[in-house]
Amino acid sequence: MKIGILALQGAFLEHKKILDKLGVTSIYIKEKSQLEEIDGIILPGGESTAMGKLMKEFDLLEPLKEKIKNGMPVFGTCSGLILLAKKLVNDDTVHLGVMDIAVKRNGYGRQLGSFKYLGSIKGIEKKIELVFIRAPYVETVGEEVEILGEVEGKIIAVKEKNMLGISFHPELTEDTTLHRYFLNMVEKNKK
């Protein structure tokens, strides 16, 4: 199994450290030809507007969108969730537009609105540390989207087919649970 990490901007290094800790082969994705080498991809946290522009400049946007539509597992964290969304609240921008969700950017406010929370995610036995930094949240979901987690009534984790999206940063903790959850999705997809 080989996992790609979109490495145009954002917290790609932190995701690689987690995958290395789990003994999983991973590569930084910077060009479209690399999409042929991977079994799944992580879209890291960072700045969604910058990532969206860079994906277009590096000719990654459409090829990645096609790969996801054709079933390649994807894990979007924080701004990665924004990249996946079909709709952004109060913003006409759509990046990949593959997940049937409407996301509110900076839903918890700016940098000062950042916080940690011990929360539950459906399908995970224990509570895990959730780190929110200028985090978005999901305002509405389509009928095929499964809600995996909420914090104070706001949706913070969703799954639709081969897509997993969360509004927090698991790569900024020592906990590998969510990465393992995603790797299970990739493993099932390979079979």
Side-chain angles (χ1 to χ4, degrees), residues 1-48 51 55 60 63-64 67-68 70-84 96 98-99 114-136 138 145-149 151 155-191:
M1 175 186 328
K2 188 188 276 190
I3 302 296
I5 306 163
L6 185 67
L8 303 177
Q9 192 270 340
F12 52 87
L13 181 67
E14 290 81 356
H15 280 287
K16 180 148 184 24
K17 284 180 184 171
I18 298 263
L19 293 174
D20 288 349
K21 187 175 169 179
L22 291 169
V24 174
T25 305
S26 64
I27 60 168
Y28 291 136
I29 301 294
K30 294 183 178 180
E31 49 193 65
K32 70 178 177 182
S33 64
Q34 294 174 298
L35 294 174
E36 302 308 318
E37 301 173 39
I38 58 173
D39 302 302
I41 189 165
I42 295 173
L43 309 179
E47 219 305 302
S48 59
M51 277 195 237
M55 280 196 297
L60 271 166
L64 179 55
K67 284 276 185 197
I68 295 167
N70 290 326
M72 183 173 73
V74 60
F75 181 19
T77 65
C78 198
S79 61
L81 174 72
I82 294 167
L83 295 176
L84 291 172
L96 292 164
V98 289
M99 196 174 213
S114 300
F115 64 98
K116 289 181 182 177
Y117 184 86
L118 199 60
S120 298
I121 301 295
K122 187 175 176 183
I124 294 173
E125 305 269 319
K126 61 178 184 170
K127 287 193 173 204
I128 57 175
E129 184 181 19
L130 313 177
V131 178
F132 294 84
I133 301 171
R134 290 177 53 208
V138 178
V145 178
E146 182 182 7
I147 297 170
L148 300 179
V151 171
I155 303 166
I156 51 100
V158 288
K159 184 179 173 193
E160 180 183 7
K161 297 175 187 153
N162 55 312
M163 299 173 278
L164 176 63
I166 60 173
S167 54
F168 50 94
H169 292 269
E171 75 283 6
L172 298 181
T173 72
E174 293 300 308
D175 194 319
T176 59
T177 310
L178 271 162
H179 286 80
R180 282 185 281 126
Y181 183 102
F182 174 62
L183 295 172
N184 271 341
M185 288 172 60
V186 176
E187 201 56 56
K188 284 180 186 164
N189 187 61
K190 281 183 76 176
K191 291 175 182 171

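We count residues from 1, following the sequence as given. All values below come from the heavy atoms of this structure, side chains included, with hydrogens, waters and symmetry mates left out.
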Trainee: First locate atom OG of S79, then atom CG of L81, and finally report the distance between them rounded to the nearest 0.5 Å.
Mentor: 9.0 Å
Trainee: Is any side-chain heavy atom of M72 closer than 4.5 Å to a side-chain heavy atom of L64?
Mentor: yes
Trainee: Is a side-chain donor or acceptor of S167 paired with a backbone partner of P136 at a separation under 3.5 angstrom?
Mentor: yes
Trainee: List the steps and the verdict of side chain to side chain contact (heavy atoms under 4.5 Å, CB included) for L60 and L8.
Mentor: CA-CA 10 Å; L60 271 166; L8 303 177; 4.0 Å; yes
Trainee: For the atom pair CG (L43) and CZ (F75), what is the distance rounded to the nearest 0.5 Å?
Mentor: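 One gets 10.0 Å once the value is rounded to the nearest 0.5 Å.
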Trainee: Between I41 and L35, is any pair of side-chain heavy atoms under 4.5 Å apart?
Mentor: yes
Trainee: Answer yes or no: is there a side-chain heavy-atom contact under 4.5 Å between K67 and I38?
Mentor: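 Not touching, per the 4.5 Å side-chain cut-off.
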Trainee: Could you give me the CA-CA distance, side-chain angles and deciding distance for I166 and Y181, then say whether side chain to side chain contact (heavy atoms under 4.5 Å, CB included) is met?
Mentor: CA-CA 12 Å; I166 60 173; Y181 183 102; over 6 Å; no
Trainee: Taking the side chain from N162 and the backbone from I68, do they hold a donor-acceptor pair closer than 3.5 Å?
Mentor: yes
Trainee: Go through the steps for E129 and D175 under the test side chain to side chain contact (heavy atoms under 4.5 Å, CB included), then give the verdict.
Mentor: CA-CA 8 Å; E129 184 181 19; D175 194 319; 6.0 Å; no
Trainee: Hey, are the side chains of L19 and I5 touching, using non-hydrogen atoms and a 4.5 Å cut-off?
Mentor: yes
Trainee: Calculate, to the nearest 0.5 Å, the distance between atoms CD and CD1 belonging to Q34 and I27 respectively.
Mentor: 5.0 Å
Trainee: Do T177 and I121 touch side chain to side chain, with heavy atoms closer than 4.5 Å?
Mentor: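 Answer no - side chains too far apart.
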Trainee: Check the pair F132 / I156 against side chain to side chain contact (heavy atoms under 4.5 Å, CB included), numbers first and verdict last.
Mentor: CA-CA 10 Å; F132 294 84; I156 51 100; 3.7 Å; yes
Trainee: Taking atom types as modelled, find out whether H15 and T77 have a side-chain donor-acceptor pair closer than 3.5 angstrom.
Mentor: yes
Trainee: Do you know which two heavy atoms are closest between K16 and S26, and how far apart they sit?
Mentor: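 So the two residues come closest at NZ-OG, 3.4 Å.
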Trainee: Nearest 0.5 Å, please: how far is CG in L13 from CD in E171?
Mentor: 10.5 Å
Trainee: What closest approach, in Å, do I18 and P170 show between heavy atoms, and which atom pair accounts for it?
Mentor: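 Answer, listing the atom of I18 first, then P170: CD1-O, 4.2 Å.
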Trainee: Return the minimal non-hydrogen interatomic distance between N189 and P73, and the atom names on each side.
Mentor: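 Answer, listing the atom of N189 first, then P73: ND2-CD, 3.3 Å.
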Trainee: Nearest heavy-atom pair of L148 and K159: which atoms, and what distance?
Mentor: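 What the structure gives for the nearest pair is CD1-CB, 3.8 Å.
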Trainee: Would you give the length of the straight line joining atom NZ of K122 to atom CD1 of I124, rounded to the nearest 0.5 angstrom?
Mentor: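 With rounding to 0.5 Å, NZ (K122) is 12.0 Å from CD1 (I124).
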Trainee: Nearest 0.5 Å, please: how far is CG in N184 from CG in L164?
Mentor: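 Interatomic distance, L164 CG to N184 CG, rounded to 0.5 Å: 11.0 Å.
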Trainee: What's the shortest heavy-atom distance between G119 and L130, and which atoms?
Mentor: CA-CD1, 3.9 Å
Trainee: Under a 4.5 Å cut-off applied to non-hydrogen side-chain atoms, are L96 and M55 in contact?
Mentor: yes
Trainee: Please name the pair of heavy atoms, one in A7 and one in K30, separated by the smallest distance, quoted to 0.1 Å.
Mentor: O-CE, 3.5 Å
Trainee: Can you spot which of R180, H179, E174 makes a side chain to side chain donor-acceptor pair (under 3.5 Å) with T176?
Mentor: R180
